[in-house]
Every structure is written in C-alpha cells, then in structure tokens.
Amino acid sequence: MSRSYLLSLAATTLALVLVAFVPMWLAPQSFIVAMPLLPLYFAALAALQHLLITRAMARSPKTFVQVFLGSTIGVLFIHLVVLALFLMSRPLEGRRFLIAFCIGYALYLVFETVALVRFVDREKKRRLQ
C-alpha cells in the first residue's frame, strides 16, 4: 500500500469519526455509541481489500479478477453479518444505525473506487515507461 493511500484513508477516517460525534452534541437522543466506530470498521475493511487487490494486480489478470470479485463478495458478506448482528441485538437503535451504516458504506465505496482507479492509472503509466 502506498503512503498516499494510507494518509488519505487516515484523514478520511478521522474526519468521519469527528462527524460521527456531531449527533452527540446536536441531538443526544439520536447518538449511538457504534457511530464513531463505523469509520474505523470501514477503514479496516477498505485497507484490507485494497491490499489484496493491489497485490493481485501484480499477478495474472485471471488472479486479479478472482481476488477482486472474491474480496468484494467477502466484504459484502461481512457487512451483512455485522448489520444482522447489530439489528438483532439492538432493535430500537436499528434504524439510526442502518442510516449511519449506509452513509459510511457509500462514502468508503466512493473512496475505495477512486483509490483503485488512481492506482490502476499509476500502474499503467509506470508500465508504459
């Protein structure tokens, strides 16, 4: 993983952790303790997925496709398990958690997509030189 990717991921995660604390001050009844932990969860999965995918790019295209699709399905399955466990264990907070989870998922999906596109562009330029 590149240093710029890690710095971008850390900055994004720190900003989202701070944003997650906003409901605690503006609407304390809407705050869930898990909200500030969600960016850390998404960052860990994004970093792991990025590491697996970028390493697979150095191998054959077949391996890359297998790793990319496998990691995408694996991460989606992990998300479903986390959602199901939280919704079953805390049904009263479920809707607020689901909204926060969906926002975090969308933000990290965009972040990771941009990071992978940049990585592929850099690799193409590097291989052409």
Side-chain angles (χ1 to χ4, degrees):
M1 265 188 281
S2 71
R3 184 177 182 161
S4 64
Y5 173 79
L6 290 175
L7 288 173
S8 298
L9 182 64
T12 302
T13 302
L14 180 61
L16 290 175
V17 166
L18 293 175
V19 168
F21 280 111
V22 169
M24 185 169 69
W25 295 297
L26 299 179
Q29 71 280 5
S30 297
F31 182 75
I32 301 171
V33 176
M35 282 180 176
L37 298 175
L38 279 175
L40 301 173
Y41 162 78
F42 283 117
L45 284 179
L48 178 64
Q49 188 175 19
H50 187 82
L51 179 67
L52 292 173
I53 291 171
T54 53
R55 284 189 178 174
M57 260 184 209
R59 300 182 199 145
S60 69
K62 180 183 176 186
T63 304
F64 166 72
V65 170
Q66 289 174 341
V67 169
F68 179 77
L69 292 175
S71 67
T72 301
I73 290 170
V75 167
L76 287 174
F77 183 73
I78 291 170
H79 290 334
L80 285 174
V81 169
V82 167
L83 278 173
L85 289 174
F86 190 89
L87 293 175
M88 285 189 293
S89 66
R90 298 179 171 257
L92 297 177
E93 299 171 341
R95 191 172 81 192
R96 288 175 284 168
F97 179 78
L98 188 59
I99 291 169
F101 192 92
C102 289
I103 290 170
Y105 175 78
L107 292 173
Y108 277 94
L109 179 65
V110 168
F111 175 83
E112 189 60 30
T113 303
V114 169
L116 285 174
V117 167
R118 286 182 179 169
F119 179 81
V120 169
D121 287 344
R122 278 194 310 264
E123 285 296 307
K124 282 182 184 178
K125 287 178 185 176
R126 187 182 63 81
R127 289 182 184 177
L128 289 175
Q129 292 177 350

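Being a predicted model, the structure only gives us computed values, none of them experimental.
Rounding to the nearest 0.5 Å gives a distance of 10.5 Å between CG of Leu52 and OG1 of Thr72. For the atom pair Gln29 CD and Met24 CE, the distance stands at 13.5 Å (nearest 0.5 Å). The distance from the CG atom of Leu16 to the CG atom of Leu38 is 10.0 Å, given to the nearest 0.5 Å. Note: Leu7 CG to Arg3 CZ = 6.0 Å, rounded to the nearest 0.5 Å.
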Side chain to side chain contact (heavy atoms under 4.5 Å, CB included) between Lys124 and Val120: does it pass, once the steps are laid out? CA-CA 6 Å; Lys124 282 182 184 178; Val120 169; 3.9 Å; yes
Check against side chain to side chain contact (heavy atoms under 4.5 Å, CB included), Arg118 and Ser4: CA-CA 11 Å; Arg118 286 182 179 169; Ser4 64; over 6 Å; no
Side chains of residues 56-69: which donor-acceptor pairs under 3.5 Å do they make with residues two or more places apart or in other chains?
from	atom 1	to	atom 2	distance (Å)
Ser60	OG	Thr63	N	3.2
Ser60	OG	Thr63	OG1	2.9

Between side-chain atoms of residues 73-89 and protein atoms elsewhere (two or more places apart, or another chain), which donor-acceptor pairs fall under 3.5 Å?
from	atom 1	to	atom 2	distance (Å)
His79	ND1	Tyr41	OH	2.7
Ser89	OG	Leu85	O	3.0
Ser89	OG	Phe86	O	3.2

Cut-off 3.5 Å, no hydrogens considered: what does the side-chain donor-acceptor table look like for residues 99-114, sequence neighbours left out?
from	atom 1	to	atom 2	distance (Å)
Tyr108	OH	Thr13	OG1	2.7
Tyr108	OH	Pro39	O	3.3
Glu112	OE1	Tyr5	OH	2.7
Glu112	OE2	His50	ND1	2.8
Thr113	OG1	Leu109	O	2.7

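Phe119 and Leu6 are assigned to two separate hydrophobic clusters, defined by single-linkage of ILVMFWY side chains at heavy-atom distances under 4.5 Å. If you chain together hydrophobic residues whose side chains sit under 4.5 Å apart, Val17 and Val19 never meet in one group. A chain of hydrophobic side-chain contacts below 4.5 Å, direct or via other Ile, Leu, Val, Met, Phe, Trp or Tyr residues, connects Trp25 to Phe31.
Within the structure, the salt bridge (charged side-chain N to carboxylate O under 4.0 Å, His left out) test picks out no pair touching residues 38-52 (sequence neighbours left out). Residue pairs meeting the salt bridge (charged side-chain N to carboxylate O under 4.0 Å, His left out) criterion with at least one member in residues 65-91, sequence neighbours excluded, are Arg90-Glu93.
With sequence neighbours left out, the salt bridge (Lys or Arg N to Asp or Glu O under 4.0 Å) criterion links Arg126 to Glu123.
Heavy-atom minimum distance, Arg122 versus Ser2: NH2-OG, 4.1 Å. Of all heavy-atom pairs spanning Met35 and Ser30, the tightest one is CE-O, 3.6 Å.
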